[in-house]
Amino acid sequence: MPALRQKIRARPHDMDPRPAETAFRLAAILYHRFMPSEPAPSLVLSFEDARRVVEDHAARIQPPDEESVGLLAATGRVLAEPLVADRDMPPFPRATRDGFAVRTEDLTKLPARLRVTGEIKAGSVGFDVPASVERGQAVSIMTGAPVPRGAGAVVMIEHTVLHGETVEITRGVAAGENIVPQGAEARRGGLLAGPGTPLNPAAIALAASVGKARLRVFTRPRVAVLATGDEIVDVAATPGATQIRNSNSFSLAAQIQQAGGEPMLLPIAPDEPRALRRLIEEGLQSDLLLLTGGVSMGRYDLVEQVLAEMRAEFFFAGAKIQPGRPVVFGSAACAGAATGADASAGQDSDYFFGLPGNPVSTMVTFDLFVQPLLRALAGASPRKLMFARARLKSEIRVKTGLRRFLPAVLAGEFEDSQVELVPWQGSGDLAAVARANCYVVVPPDCERIAAGEWTALMMRE
Ligand code: AMP
Ligand code: MG
């Protein structure tokens, strides 16, 4: 039985509190009743299966175009070229401590007295630098300086006493201690980071260390964001008594930016099929379309019906998670694709997600499902979800059947860190999620996690 009709039957006596005020409303109802092409209920997958479906699609996406940008402007972008060591790293055996370069065989008896023959500071060059350390000698050396030939280790200054021309070594060292050998970090010509590496501060520093003032990066995917709902008004508008400001387009835009995409906010779509379709078609012109709202079981949740009418393919139409159960993932042909106008990711159709409208659901489903696809569209290498573990501060009780991602706060320091759920009014509670810094992840077969137990959590991106 098509899910559509199930939905209608599932509502007790069609007691919709909202009268159909306009012809549009009536059209929406008729549309809903006679469009039987909504995806089947079997398309509701477990979290793991739904995630795998997205990852499989992500793996087939071709790398995007490339461009060259200044090093600092590359922060947050995705590397498109191999980053190669232009010389050995370190380029010389490097002292990692201030102290004395010595031959280890001189330290068999302690304390040992050695003659100081010179000093090497970081950046030292030329004839003032002792080329080697001979038996019975020590060379004063600073952190970051090249270790002279013959020296087997550097003794930290804290373990020495200087007496004019000689130094007394009071503690022994192992061979190689406080020296990084030339090329130990990377050999000249060695690959430091490959295309697909997200350019975080460490990767930017790595590029700087090999002299890259500019970098080739992948172009950012354009992600259209379409908020739906008759009650939703623009952020600049004064909402009527029953209206809600559009916050989802902004949480999504911020998440898109963080994930390396370029958000494009479309006008808010009403719960009316023709206007909705027009805006969906516009959104499909970009590399990815994210819809929010209109994917639940209500009479005016038209997103799936409109997409089905556009002959969209649905890969899943629900995941057994909370929040975010009604999440939809699919692809639809876009009008410009055949002409090559939108062949950015090598697709002849474009991916879309229908994210549930509740603000917390929207954010969670982005992190869980949109992220991996968007990363692929941005040219980034795939990455598994990362979970940490922490002790639970207070007991959690839930019903079984869904994998839950519950807004929580991880607090405390060192061995004392603990995680606690944020009190919330459900998946519409934006204020609660704003107080959270992570989600506690409860497996679907779990009814209770006792206080003090170790529990899985996912940090917020
Ligand atoms: P829906 O998924 O359309 O059934 O909406 C679920 C809930 O999310 C309702 O309370 C909506 O008012 C709310 N909602 C939907 N879209 C947005 C949005 N763009 N911004 C803020 N809240 C929204
Ligand atoms: Mg709605």
Side-chain angles (χ1 to χ4, degrees), residues 1-11 14-41 43 224-234 240 242-244 246 248-249 252 264-286 288-318 325-337 342 349-358 361-362 365:
M1 185 198 303
L4 165 66
R5 260 170 263 151
Q6 270 197 341
K7 265 191 190 182
I8 290 169
R9 293 217 183 127
R11 231 186 5 261
D14 267 355
M15 279 173 54
D16 188 352
R18 294 165 48 159
E21 315 101 340
T22 63
F24 278 156
R25 291 279 159 275
L26 194 58
I29 294 165
L30 291 171
Y31 187 87
H32 218 98
R33 280 189 193 278
F34 296 108
M35 274 302 299
S37 46
E38 195 181 318
L43 283 178
V225 178
L226 179 54
T228 75
D230 280 350
E231 79 281 28
I232 309 302
V233 296
D234 194 72
T242 58
Q243 290 178 319
I244 301 291
N246 175 18
N248 288 348
S249 290
L252 285 174
M264 292 178 12
L265 270 53
L266 292 168
I268 296 160
D271 293 322
E272 186 280 306
R274 271 174 298 170
L276 182 58
R277 179 170 179 156
R278 201 166 20 79
L279 285 164
I280 289 177
E281 281 170 349
E282 193 181 330
L284 286 169
Q285 302 294 317
S286 59
L288 174 63
L289 167 63
L290 304 183
L291 297 114
T292 82
V295 289
S296 314
M297 299 294 255
R299 173 179 283 179
Y300 300 101
D301 290 323
L302 302 173
V303 165
E304 282 162 85
Q305 286 82 358
V306 169
L307 281 159
E309 193 200 42
M310 293 170 65
R311 308 214 173 285
E313 191 179 349
F314 291 88
F315 307 127
F316 58 79
R325 194 177 196 280
V327 59
V328 174
F329 173 44
S331 77
C334 68
D342 194 51
S349 64
D350 269 309
Y351 288 113
F352 63 82
F353 285 91
L355 308 179
N358 267 315
S361 312
T362 308
T365 48

List for me each residue that meets side chain to side chain contact (heavy atoms under 4.5 Å, CB included) alongside Pro326, sequence neighbours excluded, and say none if there are none. Val295, Ser296, Pro356

Backbone N/O of Gly357 and side chain of Asn248: donor-acceptor pair under 3.5 Å: yes

So, does Asn246 use its side chain to make a donor-acceptor pair with the main chain of Ser249 at under 3.5 Å? yes

Applying ring pair (Phe, Tyr, Trp, His ring centres under 6.0 Å), name anything that partners Phe352, two or more places apart in sequence or on another chain. Phe314

Do NZ/NE/NH1/NH2 and the carboxylate oxygens of Arg278 and Glu282 come within less than 4.0 Å? no

How far apart are the closest heavy atoms of [X] and [Y], and which atoms are they?
| X | Y | value |
| --- | --- | --- |
| Asp301 | Gln305 | O-OE1, 3.0 Å |
| Thr362 | Leu355 | O-CD1, 4.0 Å |
| Leu284 | Ala332 | CD1-CB, 3.8 Å |
| Gly229 | Ile268 | O-CG2, 4.0 Å |

I'd like to know whether Ile280 forms a side-chain contact (heavy atoms from CB on, under 4.5 Å) with Leu226, so could you lay out the CA-CA distance, the side-chain angles of the two residues, the decisive distance to 0.1 Å, and finally the verdict. CA-CA 8 Å; Ile280 289 177; Leu226 179 54; 3.9 Å; yes

Can you tell me how far [atom2] of [Y] sits from [atom1] of [X], rounded to the nearest 0.5 angstrom?
| X | Y | atom1 | atom2 | value |
| --- | --- | --- | --- | --- |
| Asp271 | Glu231 | CG | CD | 6.5 Å |
| Phe353 | Ser331 | CZ | OG | 11.0 Å |
| Arg274 | Leu302 | CZ | CG | 12.0 Å |
| Leu290 | Met264 | CG | CE | 11.0 Å |

List the steps, then state whether side-chain contact (heavy atoms from CB on, under 4.5 Å) holds for Thr292 with Leu252. CA-CA 9 Å; Thr292 82; Leu252 285 174; 3.1 Å; yes

pair Leu291-Leu307: side-chain heavy atoms closer than 4.5 Å: yes

Can you tell if the side chain of Val303 reaches within under 4.5 Å of the side chain of Thr228, non-hydrogen atoms only? yes

Return the set of residues passing salt bridge (Lys or Arg N to Asp or Glu O under 4.0 Å) with Arg325 (not counting sequence neighbours), or none when no residue passes. none

